[in-house]
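Below: the structure, in structure tokens.
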Number of protein chains: 4
Amino acid sequence: MTADPETRLRADARRNRDQILAAARVIFAAQGPEVPMEEIARSAGVGVGTLYRRFPDRDALIRAVAVDNFDRVLRDAKAAKDQESSDWDALIRLLHQSMELQLSIQLAMVSPRALVILTSDPAIKALRDELLLVMEAFVRGAQAEGRLRADVATGDVAILFATVLRQMPGKGEEVARMATRRCIGIMIDGLRAADSNEPLPGRVLTAADLNP
Amino acid sequence: MTADPETRLRADARRNRDQILAAARVIFAAQGPEVPMEEIARSAGVGVGTLYRRFPDRDALIRAVAVDNFDRVLRDAKAAKDQESSDWDALIRLLHQSMELQLSIQLAMVSPRALVILTSDPAIKALRDELLLVMEAFVRGAQAEGRLRADVATGDVAILFATVLRQMPGKGEEVARMATRRCIGIMIDGLRAADSNEPLPGRVLTAADLNP
Amino acid sequence: MTADPETRLRADARRNRDQILAAARVIFAAQGPEVPMEEIARSAGVGVGTLYRRFPDRDALIRAVAVDNFDRVLRDAKAAKDQESSDWDALIRLLHQSMELQLSIQLAMVSPRALVILTSDPAIKALRDELLLVMEAFVRGAQAEGRLRADVATGDVAILFATVLRQMPGKGEEVARMATRRCIGIMIDGLRAADSNEPLPGRVLTAADLNP
Amino acid sequence: MTADPETRLRADARRNRDQILAAARVIFAAQGPEVPMEEIARSAGVGVGTLYRRFPDRDALIRAVAVDNFDRVLRDAKAAKDQESSDWDALIRLLHQSMELQLSIQLAMVSPRALVILTSDPAIKALRDELLLVMEAFVRGAQAEGRLRADVATGDVAILFATVLRQMPGKGEEVARMATRRCIGIMIDGLRAADSNEPLPGRVLTAADLNP
DNA sequence: CATGAATGAGAGTTCATTCAT
DNA sequence: AATGAATGAACTCTCATTCAT
């Protein structure tokens, strides 16, 4: 009754795998996905060989980090749905709360290379689609509640989301954190249904527009 | 009484320099600042030797591209100031109009490496400070006009600006372009002084907060 | 009064040893002696650890395969001696019959590395010397019978033997097999005492010339 | 009016290319085609980078050595045809004379890897086919002359040729050289039309049988 | 001056061998 | 005793930079 292959790993192997993933998450977030494999290994406290035994090449590692991240975000999204009383509130909570979870995947997406890797992986595509479905529900619901402006769709929100969550490199830790929170705040005010809003240019962007 | 060094270049050398810069701008925008020097040279139609004669190393090239870009943005900012009737309008125009000019420098900034290079160059720092001064005037003026929300400062606006102008990699050309315009639209509505706005978290970010 | 170490092995250990040897023989024959140890282990159905417990390093494994092979050839040579009515016939039979037995050792000898290993191992040297002695008897006898040309000695025959038994890589299985048999046939006709033979160049090569 | 790309190389580049090829020929012959690239470069008196600039990877180098070798053999074959008075003599001369030229290509062919590389290269295939054509003429002619046994065809001769020219690794330089010459001598006697010959087993092997 | 060849340090990856489970 | 995980040295290949032509 053993499920996914990860379960079959010996205890120590499992631990190493997790350490590598954690190290990669942090390092990718800080320096992008092109850092020397050796550095990731060292920071995970293992030899390169071990890293390569777990992840046959850099692409595999990037994919694994991405999957891990999508999992987390998805968990958050479901929690938001369950615990918030309105779709608008769930959307906002997701934006605010996922900030840190998203951090590394956002950075991973900054590299053209990573982009190619991720978009060509069916497992990741599936996770992404699942997330988009959840968001779509939030968007529709929040619009029905009259709180989200009507001239946007899931694609718009997702892009805004992705854009803002992309951390500014450099700057002190504290300023960076605050800047992100404030940007999100401004953006939320921009998303709010309000008489003062100008009509947006072009056409509504849907989830389908996010596919390459 | 020799003018700046660029002026002293022979016509063909000058042409080479410009071609290299143009090629680098395009390639940096498309693939980030880590592309092989040889590729840049080839795309500029010169040999690597020539590239290195003009720019002693990669950092020098990145700096030159950045300077070139800041120049353009600054020119735009001044035009906006001269031609628009209010500071709010100038700010909005700058946001919309600089979109394309900013494109390459934004991408250059995506690389942690480029960041370090740029922030440590006094010439670029000077250009950046000059730009911030202009923006500061816009921000103050627009708040005085009652059009820009009062709980933001130049730092907030600059960061938002930088965040949104960072292009989404992948996606079709058309969607990318539209997405950016719509994000800017939403952001502008978020920046607008309005009763519906929630107070922003943390403290106001000033131009000073942008220094590392 | 313990017999040789192999006898002391537990039944399962013994089985493992044999499987490894068999697998190595096949793989060395097919791909040369540089294949990853892991691949040999896998093909033998054991873990690498087990392989290394039995054979401390690659050289030991190569040596063991070689010993195993010399044993077989020697057995064949003795059978030929016992069962054939003349030395010439015994020699020919050995050439024809050993073809397949020799196959893997010949391939093993293709690698300069294997060569060094084998020639420096006293046990293998002993087996080889024993084989050369048997061949020497065949050669002398066949010459006394007037069937083997007189201007060759054991060294010549052994080298010819080794040369021809070295399988052509590539080619279909069937062609390869036939090519070897036909080459052997031509060689045998060349070895035959005949008036049409040209005198061979240089000097006769003896068994002693085979030592490095 | 510049012909092949090699002609376009700058004088120094050309010299380096030749040195690399010469070094590779010697080293491949002595140690097989798996030696570290660095060793080849060192032995050619250049840096690895230079080696890689000329030959993008090991396969390309192996191919180049093979082409170079086929060229030489082909030249020899044509000279033999022009200068010898009979096809039988031309064949024998080719066997004897090409001994050294063939040396490295034969060794290159010993590695399964090299085999794959070479057989998949159309340029090399063309050279090989050309050589086979020349040999076919020799074989037919020598049979018409009544000097070459009638029960062989080009495939048989080529394989014999290739087999014997494959140098024995190890052994002293002098013994190796002599052994090869004597093996060739024996083989030639085996090829000679003679009443004492036994009929060969199987069927005649033609040039077509040499294709994989 | 422009060019592109040469160099060599460094990154990615593999694999022999050791060792914890 | 068997297994397969971990290690790190060795090797391949790339590319920034220098230098001969």
Side-chain angles (χ1 to χ4, degrees), chain A residues 8-17 20 34-42 44-61, chain B residues 9-10 12-13 16 34-42 45-61, chain C residues 9-13 15-16 34-42 45-61, chain D residues 8-17 20 34-42 44-61:
Chain A
R8 309 289 303 170
L9 288 176
R10 232 165 62 182
D12 54 346
R14 175 79 225 189
R15 192 169 347 100
N16 277 338
R17 200 195 124 94
I20 292 170
E34 314 279 69
V35 280
M37 294 296 262
E38 187 113 20
E39 186 170 337
I40 298 171
R42 187 165 356 104
V46 303
V48 245
T50 304
L51 198 168
Y52 274 93
R53 169 181 277 268
R54 267 337 127 210
F55 306 97
D57 56 18
R58 180 186 297 281
D59 287 9
L61 178 57
Chain B
L9 291 174
R10 253 168 45 183
D12 55 347
N16 277 341
E34 313 280 70
V35 280
M37 295 296 262
E38 190 112 21
E39 187 170 336
I40 299 170
R42 186 164 357 103
V46 304
V48 245
T50 307
L51 197 169
Y52 273 91
R53 169 174 291 273
R54 282 310 144 228
F55 306 96
D57 57 18
R58 179 188 296 280
D59 286 8
L61 178 58
Chain C
L9 289 175
R10 253 169 43 183
D12 55 345
R15 192 167 350 100
N16 277 341
E34 313 279 68
V35 281
M37 295 296 263
E38 190 113 20
E39 186 170 334
I40 299 171
R42 187 164 357 102
V46 304
V48 245
T50 305
L51 198 168
Y52 273 91
R53 169 175 290 272
R54 282 310 145 227
F55 306 95
D57 57 18
R58 179 188 297 279
D59 287 8
L61 179 58
Chain D
R8 309 290 302 170
L9 286 177
R10 233 164 62 179
D12 54 347
R14 175 80 225 188
R15 191 169 346 102
N16 277 336
R17 200 195 123 95
I20 292 169
E34 313 279 69
V35 281
M37 295 296 261
E38 186 113 22
E39 187 171 334
I40 299 171
R42 187 164 359 101
V46 303
V48 244
T50 304
L51 199 169
Y52 275 93
R53 168 180 277 270
R54 263 342 125 209
F55 306 97
D57 55 19
R58 180 187 296 280
D59 287 8
L61 179 58

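Lettering follows sequence order; numbering is per chain, from 1.
Between B/M37 and B/Y52 the shortest side-chain heavy-atom distance falls below 4.5 Å.
Within 6.0 Å of CD in C/E39 there are more than 12 heavy atoms belonging to other residues, nucleotides or ligands.
Within the shown strands, F/dG8 is the pairing partner of E/dC15 under the Watson-Crick or G-U definition, both distances less than 3.5 Å. Using Watson-Crick or G-U wobble geometry with both donor-acceptor distances under 3.5 Å, F/dC13 finds its partner in E/dG10. When both pairing distances are held under 3.5 Å, F/dA20 makes a Watson-Crick or G-U pair with E/dT3.
Both A/V35 and D/G47 lie near DNA chain E, and the one whose nearest nucleotide falls closer to the 5' end is D/G47. Each of D/V46 and C/E38 lies near DNA chain E, and the nucleotide nearest D/V46 is the one positioned closer to the 5' end. Mapping A/T50 and B/M37 onto DNA chain F by nearest heavy atom places A/T50 at the nucleotide closer to the 5' end. Residue order along DNA chain F, read from the 5' end via each residue's closest nucleotide, puts C/G49 first among B/V48 and C/G49.
For the pair D/R58 (side chain) and D/V35 (backbone), a donor-acceptor distance under 3.5 Å is present.
Contact annotation: B/R53 side-chain N/O to F/dT18 OP1/OP2 distance is not under 4.0 Å. The side chain of C/N16 places an N or O atom within less than 4.0 Å of a non-bridging phosphate oxygen (OP1 or OP2) of F/dA2. Using a 4.0 Å cut-off, some side-chain N or O of B/R54 falls inside it from OP1 or OP2 of E/dA2.
Between the C1' atom of E/dA11 and the CG atom of A/L61 lies a distance of 15 Å, rounded to the nearest Å. Atom CZ in A/R17 sits about 17 Å away from atom C1' in F/dG4, given to the nearest Å. A straight line from CG of A/D57 to P of E/dT13 spans 6 Å, rounded to a whole angstrom. We find that CZ of A/R14 is positioned 19 Å from C1' of E/dA20, with the value rounded to whole Å. Between the CD1 atom of C/I40 and the P atom of E/dT14 there is a distance of 18 Å, rounded to whole Å. Here the C1' atom of nucleotide E/dG12 and the CD atom of A/E39 are 14 Å apart, to the nearest Å. The distance from atom CZ of C/R58 to atom P of E/dC15 is 10 Å, rounded to the nearest whole Å. Protein atom OH of A/Y52 is 13 Å distant from nucleotide atom C1' of F/dC11, rounded to whole Å.
If you take CG on A/L51 and CZ on A/R53, they are separated by 12.5 Å, rounding to the nearest 0.5 Å.
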